Each structure stands twice: as C-alpha cells, then as structure tokens.
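For reference, the structure discussed in these notes is given below.
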Amino acid sequence: MPKRAQNSTPQRKITSASSMRAALLPWYRANQRRLPWRAAPSLYKTVVSEFMLQQTQVDTVLPYFDRWLKKFPDFPALAKAKEADVLKMWEGLGYYRRARLLHELAQAWVKLPQKPQTTESWLELPGVGPYTAAAITSISFGAPAAVVDGNVVRVLARLLGEHTEFKDGSTAVKFFTEAANELLDPRNPGDHNQAMMELGATVCTRRNPQCLICPLRPWCAASAHGEAEDLPRFTAKTMKRTELVRLWIERDGALLLHRKASTSKRLAHICELPDATSLPDAVIEKKSLAIKRRTIANEQFTESIHRATWQNFAFKKDSGLLWATTAQLKKLTLSGPHRKWIDELRAE
C-alpha cells in the first residue's frame with residue numbers, strides 16, 4: 001500500500017463516538033489497574049505521576065512514586081526542597097530534566113495567588129506541554145481536553161485503519177489530536193482519557209494486541225482487516241552509536257567520580273565514572289573490568305570500564321571531579337546505569 005503524505009487527513013473520521021464511549025467507560029471502570037495516583041486522587045498526585053510516566057513504564061515508576069510522596073507530600077514541600085534532594089529522589093528514573101521542571105513547577109504554583117484550572121493556564125507552568133496540560137486538567141478539573149500519547153496514537157491508528165508513515169511520535173500526536181477530541185467523552189473527560197491510555201497500555205499493545213477482549217473491537221478497522229500489529233507506522237530511526245572509555249580509579253577506599261556541569265544537556269549535576277578524555281594523563285589498564293551498554297533517546301552508548309591510576313590528585317574545583325567514599329556514594333546522585341555498574345563492580 002502506498003504511503004500517504006504526512007499532512008494528509010485520516011481515511012475516515014470517528015463516526016460512532018457515542019457507541020464507543022458507551023463501551024469504553026464501563027470497561028475502564030471494571031478493568032483499570034489499581035495505581036497509587038488513582039487511589040484517593042489529588043491534583044498533586046496527578047501532576048507527579050504525569051511527570052514520572054513520561055517515557056517511563058508504570059512498573060518502573062511505582063516504587064519511585066511511593067518514596068516521592070513520603071518525602072515531598074505536596075506542592076509546598078516540593079517547592080521548599082533543595083534541588084540536590086529532588087534529584088536524589090529521582091535517581092534511576094532518568095531524564096532528570098523532568099525532575100528539575102517538576103521542582104520549578106511546584107515553586108511557581110505555590111506563588112500563584114489564583115491556582116490554574118484550565119488547560120491554557122497550565123500550559124504556562126514549567127515542564128507542561130499540551131499532553132500534560134490535558135491530562136492534569138481533564139483528570140483534576142473535568143476540562144474537555146483529549147490526551148494524546150503513544151498509547152492513544154496506537155489505539156486511534158488501529159481504530160481508523162490509518163496507514164500513514166510518521167517520522168516520529170510528535171508528528172503522530174499532532175495527526176491524531178483531532179480524532180482524539182472527536183472521541184472524547186465531554187461528560188467524563190478524565191476517566192475517558194485514562195481509559196484510552198489504559199486500553200493502549202494493557203490491551204491494544206504494540207505487540208500481540210488482545211483484540212478479542214478489546215471493548216472497541218466492533219469499530220476497529222485494523223482488527224477487521226487483521227493488521228493491528230502493523231499500525232501505527234513509523235519511519236525507522238537512525239541510531240547513533242557512541243563508544244566511551246570509563247575509568248575506575250580508587251584511592252584510600254574512595255572512588256573517583258565526575259559530576260556533570262550545570263550546563264550539561266542531559267545529566268546536569270549527576271555523577272558518573274569519569275570519561276578517559278577528561279583525564280588524558282591517567283595510566284589505563286588495557287583489559288576492561290566490564291563492557292556496558294545503554295540507550296538514551298536515539299543514541300546507543302557502549303562504555304568499557306577500565307581500572308586506571310592517576311597521580312594528579314590536586315584537581316581544580318571546577319573540574320567536576322570528586323572522591324567518594326562508600327558512605328558518600330550513597331548520598332550522591334548518580335545516573336541509574338552508573339549506580340548499578342558501580343555496585344556490581346564493588347561487589348565483585
């Protein structure tokens with residue numbers, strides 16, 4: 001089947017919205033997962049969960065959410081916290097910019113004399129884009145705004161039998177926003193949005209969708225044509241590959257770490273093992289202690305960790321280098337992979 005232009009309209013519009021809503025909402029209320037932000041829901045719980053769930057699976061978020069609520073139970077508590085404490089509580093969730101923006105949002109929210117309730121007003125707060133604003137305001141205030149994330153894109157692409165090949169997720173989100181708003185239940189926008197996301201996460205999954213138990217199956221074009229797993233379609237991403245040599249340098253029981261500068265795009269103020277390029281005078285053993293891999297966005301990193309010696313102990317304060325004892329390691333904020341790798345190597 002030929003590809004259609006990225007700015008084309010869907011093959012067909014939502015034509016049975018009321019019937020689909022009538023099937024979707026009872027399914028959600030009977031089958032929704034019991035999640036902590038749904039139990040005794042609050043605006044603060046909704047905001048925290050939406051930030052944590054960006055690009056992160058529910059099972060990963062659950063223990064973090066529980067610890068976060070105990071440490072920062074509401075907006076004022078989070079607003080008063082030090083950034084270092086916020087990042088420490090976020091350690092391992094990745095994409096640390098989310099934590100900083102959530103912290104900034106809390107600081108901005110507590111200062112507002114009139115608390116925002118509309119989608120438009122929430123868009124003015126740090127870290128809040130169209131999806132997050134729609135999720136927060138529909139769930140907390142009943143605002144008639146449809147959420148469109150990867151799960152919703154998948155459900156709508158299959159419902160409509162849409163074969164357009166999208167270059168990325170954001171393009172697909174824009175494409176399906178009109179359809180999402182057509183399907184939105186104006187009387188129960190919060191539950192409707194959660195139902196659509198829940199359907200995509202648990203039934204209309206990327207692989208092996210459970211079409212036989214899907215409440216929207218009678219209206220699904222992809223299910224009717226046996227092509228659910230083929231939709232939605234995305235252009236294959238070009239993966240950038242980067243190789244790094246990481247150094248394992250110890251002195252008197254302390255491990256040398258490098259804390260990223262505040263200007264770092266991804267890991268500002270986060271500690272990792274130093275990169276060999278930052279210590280050109282280090283003597284590096286040829287054999288590696290370990291070879292590790294991780295992926296961030298569209299970049300795959302292969303990091304070989306080597307034991308090394310280094311005599312230049314009087315490093316400059318602005319170098320980002322620091323010695324960390326076992327006790328200090330527990331208090332510092334490390335990237336999730338480096339925390340895991342260091343624990344593994346120290347255990348060995």
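This is a predicted model, so every value here is computed, not measured.
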Report yes if the side chains of [X] and [Y] come closer than 4.5 Å at any heavy-atom pair, otherwise no.
{"X": "Leu256", "Y": "Leu279", "value": "yes"}
{"X": "Phe301", "Y": "Arg241", "value": "no"}
{"X": "Thr118", "Y": "Thr137", "value": "no"}
{"X": "Phe234", "Y": "Glu165", "value": "no"}
{"X": "Lys88", "Y": "Leu332", "value": "no"}
{"X": "Asp66", "Y": "Pro63", "value": "no"}
{"X": "Thr132", "Y": "Gln54", "value": "yes"}
{"X": "Thr242", "Y": "Gln300", "value": "no"}

Nearest-0.5 Å distance, [atom1] of residue [X] to [atom2] of residue [Y]:
{"X": "Gln32", "Y": "Trp27", "atom1": "CD", "atom2": "CH2", "value": "9.0 Å"}
{"X": "Cys204", "Y": "Gln210", "atom1": "SG", "atom2": "CD", "value": "10.5 Å"}
{"X": "Asn298", "Y": "Thr238", "atom1": "CG", "atom2": "OG1", "value": "8.5 Å"}
{"X": "Leu125", "Y": "Gln107", "atom1": "CG", "atom2": "CD", "value": "12.0 Å"}
{"X": "Lys331", "Y": "Thr326", "atom1": "NZ", "atom2": "OG1", "value": "12.5 Å"}
{"X": "Ser121", "Y": "Lys115", "atom1": "OG", "atom2": "NZ", "value": "12.0 Å"}

**Request:** Kindly state whether the ring of Phe166 and the ring of Phe176 have centres lying under 6.0 angstrom apart.
**Result:**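 So the answer is yes for these two rings.
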**Asked** Aromatic ring centroids of Trp68 and Tyr64 under 6.0 Å?
**Response**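 Trp68 vs Tyr64: aromatic centres not under 6.0 Å.
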Same cluster or not: [X] versus [Y], using hydrophobic residues (I, L, V, M, F, W, Y) connected whenever any side-chain heavy atoms lie under 4.5 Å apart?
{"X": "Leu160", "Y": "Met197", "value": "yes"}
{"X": "Met52", "Y": "Tyr95", "value": "no"}
{"X": "Leu123", "Y": "Val173", "value": "no"}
{"X": "Val155", "Y": "Val58", "value": "no"}
{"X": "Leu25", "Y": "Met196", "value": "no"}

Donor + acceptor pair across side chains of [X], [Y] (<3.5 Å):
{"X": "Thr171", "Y": "Asp168", "value": "yes"}
{"X": "Trp248", "Y": "Glu250", "value": "yes"}
{"X": "Gln55", "Y": "Arg98", "value": "no"}
{"X": "Glu91", "Y": "Thr333", "value": "no"}

**Message:** Among Arg293, Lys292, His338, which residue satisfies the side chain to side chain donor-acceptor pair (under 3.5 Å) criterion with Glu303?
**Reply:**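 The option that passes is His338.
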**Message:** What verdict does the side chain to side chain contact (heavy atoms under 4.5 Å, CB included) test give for Glu162 and Phe175, after you've listed the backbone C-alpha separation in whole Å, the side-chain angles of each residue and the deciding distance to 0.1 Å?
**Reply:** CA-CA 10 Å; Glu162 181 54 59; Phe175 185 91; 3.6 Å; yes
Looking at [X] and [Y], what are the two nearest heavy atoms and their distance?
{"X": "Ser223", "Y": "Cys211", "answer": "OG-CB, 3.9 Å"}
{"X": "Ala143", "Y": "Thr119", "answer": "CB-OG1, 4.1 Å"}
{"X": "Ala146", "Y": "Ala134", "answer": "O-CB, 3.6 Å"}
{"X": "Val86", "Y": "Ala99", "answer": "CG1-O, 3.8 Å"}
{"X": "Ala195", "Y": "Leu24", "answer": "CB-CG, 3.7 Å"}
{"X": "Leu199", "Y": "Leu216", "answer": "CD2-CD1, 3.7 Å"}

**Test side chain to side chain contact (heavy atoms under 4.5 Å, CB included) applied to Glu227 and His163, step by step** = CA-CA 10 Å; Glu227 57 182 10; His163 290 82; 3.1 Å; yes
**Request:** Could you walk me through whether Ile305 and Leu345 pass the side chain to side chain contact (heavy atoms under 4.5 Å, CB included) test, one step at a time?
**Result:** CA-CA 10 Å; Ile305 304 172; Leu345 289 171; 3.9 Å; yes
Please check if the side chain of [X] supplies one atom and the backbone of [Y] the other of a donor-acceptor pair under 3.5 Å.
{"X": "Arg246", "Y": "Ala276", "result": "no"}
{"X": "Ser264", "Y": "Lys260", "result": "no"}
{"X": "Gln57", "Y": "Asp59", "result": "no"}
{"X": "Ser278", "Y": "Asp275", "result": "yes"}
{"X": "Asn193", "Y": "Ala135", "result": "no"}
{"X": "Lys286", "Y": "His306", "result": "no"}
{"X": "Ser16", "Y": "Ser19", "result": "no"}
{"X": "Arg339", "Y": "Leu329", "result": "yes"}
{"X": "Asp85", "Y": "Ala81", "result": "no"}
{"X": "Trp90", "Y": "Gly94", "result": "yes"}

**Message:** Checking side-chain contact (heavy atoms from CB on, under 4.5 Å) between Glu272 and each of Leu267, Ile342, Leu257, Leu244, which is the one that passes?
**Reply:**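 Among Leu267, Ile342, Leu257, Leu244, the one that satisfies the side-chain contact (heavy atoms from CB on, under 4.5 Å) with Glu272 is Leu267.
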Angle between ring planes, [X] versus [Y], binned at 30° and 60°: parallel, tilted or perpendicular?
{"X": "Trp122", "Y": "Phe141", "result": "tilted"}
{"X": "Phe75", "Y": "Tyr44", "result": "perpendicular"}
{"X": "Phe65", "Y": "Trp37", "result": "perpendicular"}

A quick test of your reading: do over 12 heavy atoms of other residues, nucleotides or ligands sit less than 6.0 Å from [atom1] of [X]?
{"X": "Arg187", "atom1": "CZ", "result": "no"}
{"X": "Arg206", "atom1": "CZ", "result": "no"}
{"X": "Arg67", "atom1": "CZ", "result": "yes"}

**Asked** Hey, is Glu229 close enough to Arg158 for a salt bridge, meaning N to O under 4.0 Å?
**Response**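 Salt bridge flag = no for Arg158 with Glu229.
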**Prompt:** Any salt bridge between Asp191 and Arg29, counting N to O under 4.0 Å?
**Reply:**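 Yes.
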**Request:** Output, in order, the C-alpha distance, side-chain angles, deciding distance and verdict of side chain to side chain contact (heavy atoms under 4.5 Å, CB included) for Ile249 and Thr309.
**Result:** CA-CA 6 Å; Ile249 301 175; Thr309 55; over 6 Å; no
**Request:** Give me the one residue out of Lys237, Arg266, Arg294 that meets salt bridge (charged side-chain N to carboxylate O under 4.0 Å, His left out) with Glu299.
**Result:**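 One option only clears the test, and that one is Arg266.
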**Request:** Go through the structure and list residues passing salt bridge (Lys or Arg N to Asp or Glu O under 4.0 Å) with Glu124, not counting sequence neighbours.
**Result:**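 Counting only residues at least two positions away or on another chain, Glu124 forms no salt bridge (Lys or Arg N to Asp or Glu O under 4.0 Å).
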